[in-house]
Amino acid sequence: MTQTTYDLLVIGGGINGAGVAADAAGRGLSVALVEADDLASATSSWSSKLIHGGLRYLEHYEFRLVREALGEREVLLKVAPHLVTPLRFRMPHHKGLRPAWMIRIGLFMYDHLSKRTTIEGSKSIRFDPAGPIRPEYVRGFEYSDCRADDARLVVMNAKLAEHKGAEVLTRHTVTRARREQGLWTVTIQPENGNMFTVQARSLVNAGGPWVRKVLDSFDNVRIDKTVRLVKGSHIVVPRIHDEEQAYILQNSDGRIVFVLPYLEDYSLIGTTDVDYSGDPRTPEIDDDEINYLIAITKDYFRCDLTPGDIVWTYSGVRPLMQGEREDDEDASRVTRDYHFEVEDEHGKAPLLSIFGGKLTTYRKLSQAAVSALKPWFPGMSEPWTDQAVLPGGENMTHPQPYAEELCRRYPFLTPKTARRLAFSYGRRAELWLDDAQQEADLGERFGALYAAEVTYLMEEEWAQTVEDVIWRRTKAGIDMSRQDRERLVTFMAAQSGAGSERGPASRLASA
Ligand SMILES: Cc1cc2nc3c(=O)[nH]c(=O)nc-3n(C[C@H](O)[C@H](O)[C@H](O)COP(=O)(O)OP(=O)(O)OC[C@H]3O[C@@H](n4cnc5c(N)ncnc54)[C@H](O)[C@@H]3O)c2cc1C
């Protein structure tokens, strides 16, 4: 770390920590973002990857949350056009479940609770009897939300924070913090190296599922709030239908399950809600969740899905805000809204802890969190992130035309690769495609990945391990052979020893 005292030290490099770091750095604070593992290594890469209002939350009268989330779809489409794209959802009408009038009212509210400028409204539909949905489902509804690359949204927020002067430290754990003479003294344990301390005028605890654990490691804090940990799992299978829309399926337990087109060749099916008491670092899908997700899919789709079709699964832990009366509440009904606890000592050294939140609302949450620190930093500037395009999204409204531009400029790229690059990196792809004339100029291949791409990820996006590269910066892990993975391990080991003097990404420093 380059400073001994920061205005703000943010604990946790998930979407909320990265969002807070970017917001605060842009408002003039000196900021350090400290993440125990990799950026987005926890809940923020295990989501359903939707930027959505949350149609289901209307049933629980969560109008504030839904309005804010609906509005954020428009903002994020604008500021992260490469990572957030519109998606139509189809809901088959199930005669035994919610009545059609109720769904129509819900969709009407969804269309009107917040201002829509680009997002299409909802409508009633009839299913093609020869389509992928079982013939007993004749009618249904269609509406809009957005999908996102959750992990890359985190990394690009960290990048934005860095562009605004923040320091981003991954694989460093905050192990203790105490107030001394009006400042926080924070103890940090690097993954490899010796413990050290830094000082900060304020702290934001964005520890997600660890928010309570982080508080427990601090001296003399008076907050007793906690989070309810609820596991959610997804399965990924070869694509079960060819339509471009996603499906939202109602289940008889009142829950809904999404079937989302994923990475061109797959369907992503999820999620579940299971109370969780294990280590938030290592949640895993269980057989009941697999059977639940397969059963509901087969209730609606003409397909013979079996557990043997699953190519990948992932599970994450939601850090849900625990209300006083919610102990016995069904996990799927617990609010997805967020809450801050702020405390200071004699007007100095504030600590703001984040409870709850959604990927969708991270920007508003971050803005509100930083604004809540204004009494301690009266000189901070006004909120700014609603107009701040995330790195890679410059001069773009949708990644598809940019993918076509990439194909013209780099004719050796297949249209599929160009789409992958446009939807992952946006214009930052050019930083490592650079002046390549032929595929060989990008170096060795590791499955879908190029050596130049991996070097860029290591030098510019904090990737240190193969997991960082193939499961968070990209999803190349799904199709990667064991041999390619082993070669990638060797390549990355050689790169980390080689320093930043060589490789295409070294040119980024001056870009
Ligand atoms: C199954 C599932 C599906 C979901 N789907 C959606 C969706 O489609 N749309 C949506 O909007 N939301 C969705 N969510 C919710 C969303 O993913 C979460 O609200 C969000 O990712 C939480 O982010 P976070 O930054 O608070 O937590 P995290 O991403 O968990 O980040 C916390 C970070 O803190 C770090 N940390 C912890 N302790 C320390 C320490 N002592 N020192 C340093 N670092 C530390 C951790 O390593 C971690 O990286 C879903 C959640 C789940 C589980």
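Start at 1 and go down the list; that is how both ligands and their atoms are numbered.
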**Student:** Specify the closest pair of heavy atoms between His52 and Thr360, including all atoms of both residues, with the distance to one decimal.
**Tutor:** N-OG1, 3.2 Å
**Student:** As an exercise, state the distance from CD1 of Ile294 to OG1 of Thr306, rounded to the nearest 0.5 Å.
**Tutor:** 6.0 Å
**Student:** Is there a heavy atom in His172 that sits closer than 4.0 Å to ligand 1?
**Tutor:**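 A heavy atom of His172 does come that close to ligand 1.
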**Student:** Regarding atom 32 (C) of ligand 1: of the candidates Ala148, Ser48, Ala206, Gly53, which has the closest heavy atom?
**Tutor:** Ala206
**Student:** With the threshold set at under 4.0 angstrom, would you say His234 reaches ligand 1 through any of its heavy atoms?
**Tutor:**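 A heavy atom of His234 does come that close to ligand 1.
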**Student:** Under the criterion side chain to side chain contact (heavy atoms under 4.5 Å, CB included), which of Leu260, Ile235, Val311, Val237 is the partner of Tyr266?
**Tutor:**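 Per the side chain to side chain contact (heavy atoms under 4.5 Å, CB included) rule, the option paired with Tyr266 is Val311, out of Leu260, Ile235, Val311, Val237.
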**Student:** Verify the neighbour count for atom CD of Glu244: are there more than 12 heavy atoms of other residues, nucleotides or ligands below 6.0 Å?
**Tutor:** no
**Student:** Looking at non-hydrogen atoms alone, which of Glu35, Arg171, His52 comes nearest to atom 49 (O) of ligand 1?
**Tutor:** Glu35
**Student:** I need the contact type for Lys49 against ligand 1. Using non-hydrogen atoms and a strict under-4.0 Å cut-off, is it side chain, backbone, both or neither?
**Tutor:**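 Backbone only; the side chain of Lys49 stays clear of ligand 1.
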**Student:** Say you draw a straight line from CD1 of Ile296 to OG1 of Thr272; how long is it, rounded to the nearest 0.5 Å?
**Tutor:**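 Going from CD1 on Ile296 over to OG1 on Thr272, the span is 11.5 Å.
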**Student:** So which protein heavy atom does atom 29 (O) of ligand 1 come closest to, and at what separation?
**Tutor:** Ser44 OG, 2.5 Å
**Student:** Would you indicate which of Val34, Leu33, Ile11, Val317 comes nearest to atom 40 (C) of ligand 1 when only heavy atoms are counted?
**Tutor:** Ile11
**Student:** Between Arg176, Glu180, Arg178, which is the residue that forms a side chain to side chain donor-acceptor pair (under 3.5 Å) with Thr185?
**Tutor:** Glu180
**Student:** Below 4.0 angstrom from a heavy atom of Arg281, which ligand 1 atoms are there? Numbered from 1 as shown, please.
**Tutor:** 46 (C), 47 (O)
**Student:** Under 4.0 Å from any heavy atom of Gly207, which atoms of ligand 1 are there?
**Tutor:** 32 (C), 34 (O), 37 (C)
**Student:** Just go through Ser217, Gly12, Gly54, Pro283 and tell me whose heavy atom is the nearest to atom 34 (O) of ligand 1.
**Tutor:** Gly12
**Student:** Could you point out which residue of Leu293, Ile248, Leu249 forms a side chain to side chain contact (heavy atoms under 4.5 Å, CB included) with Val259?
**Tutor:** Leu249
**Student:** Among Leu169, Thr173, Leu359, which one has a heavy atom closest to atom 15 (C) of ligand 1?
**Tutor:** Leu359
**Student:** Taking only heavy atoms of Gly316, which atoms of ligand 1 are found under 4.0 Å from at least one of them?
**Tutor:** 53 (C)
**Student:** Is the terminal nitrogen or CZ of Lys231 (NZ for Lys, CZ for Arg) located under 6.0 angstrom from the six-membered ring centre of Trp46 and within 45° of that ring's axis?
**Tutor:** no
**Student:** At a non-hydrogen distance cut-off of under 4.0 Å, which region of Arg176 contacts ligand 1 (side chain, backbone, both, or neither)?
**Tutor:**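 Within the 4.0 Å criterion, Arg176 makes no contact with ligand 1.
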**Student:** Can the positive tip of Arg64 be found less than 6.0 Å from the middle of the six-membered ring of Tyr338, inside 45° of the ring normal?
**Tutor:**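 Output yes; distance and angle both within limits.
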**Student:** Show which atoms of ligand 1 fall inside a sub-4.0 Å distance from at least one heavy-atom site of Thr271.
**Tutor:**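 Selected atoms, number and element: 1 (C).
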**Student:** Does Lys475 make a cation-pi contact with Phe423, if we ask for NZ or CZ under 6.0 Å from the ring centre and within 45° of the axis?
**Tutor:** no
**Student:** Among all protein heavy atoms, pick the one closest to atom 19 (O) of ligand 1 and tell me residue, atom and distance.
**Tutor:**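 Atom 19 (O) of ligand 1 sits closest to the protein heavy atom Gly357 O, 2.7 Å.
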**Student:** If I compare all heavy atoms of Ile51 with all of Arg73, which pair ends up nearest, and what's the gap?
**Tutor:** O-CG, 3.7 Å
**Student:** If you round to the nearest 0.5 Å, how far is CE of Met156 from CG of Asp149?
**Tutor:** 9.5 Å
**Student:** Any cation-pi pair here, Arg281 with Trp210, using under 6.0 Å and within 45°?
**Tutor:**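 Yes, Arg281 lies over the aromatic ring of Trp210.
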**Student:** Can you name the atoms of ligand 1, numbered from 1 with element, that are less than 4.0 Å from a heavy atom of Ser47?
**Tutor:**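 Matching atoms, with element in brackets: 2 (C), 3 (C), 4 (C), 5 (N), 6 (C), 13 (C), 14 (N), 17 (O), 50 (C).
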**Student:** If you measure from each non-hydrogen atom of Tyr362 to ligand 1, which part falls under 4.0 Å: side chain, backbone, both or neither?
**Tutor:**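 Answer for Tyr362: neither.
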**Student:** For atom 30 (O) of ligand 1, which of the options Leu153, Thr43, Thr272, Leu260 provides the nearest non-hydrogen atom?
**Tutor:**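 Of the listed residues, Thr43 has the closest heavy atom.
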**Student:** Counting each atom of ligand 1 from 1 as listed, which ones have a heavy atom of Thr360 under 4.0 Å away?
**Tutor:** 9 (N), 10 (C), 11 (O)
**Student:** Among all the protein's non-hydrogen atoms, which is closest to atom 25 (O) of ligand 1, and how far away is it?
**Tutor:**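 For atom 25 (O) of ligand 1, the nearest protein heavy atom comes out as Asn16 N, 3.1 Å.
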**Student:** Under 4.0 Å from any heavy atom of Gly232, which atoms of ligand 1 are there?
**Tutor:**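 This gives 1 (C) as the contact atoms.
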**Student:** By number and element, which atoms of ligand 1 are closer than 4.0 Å to a non-hydrogen atom of Ser41?
**Tutor:** 49 (O)
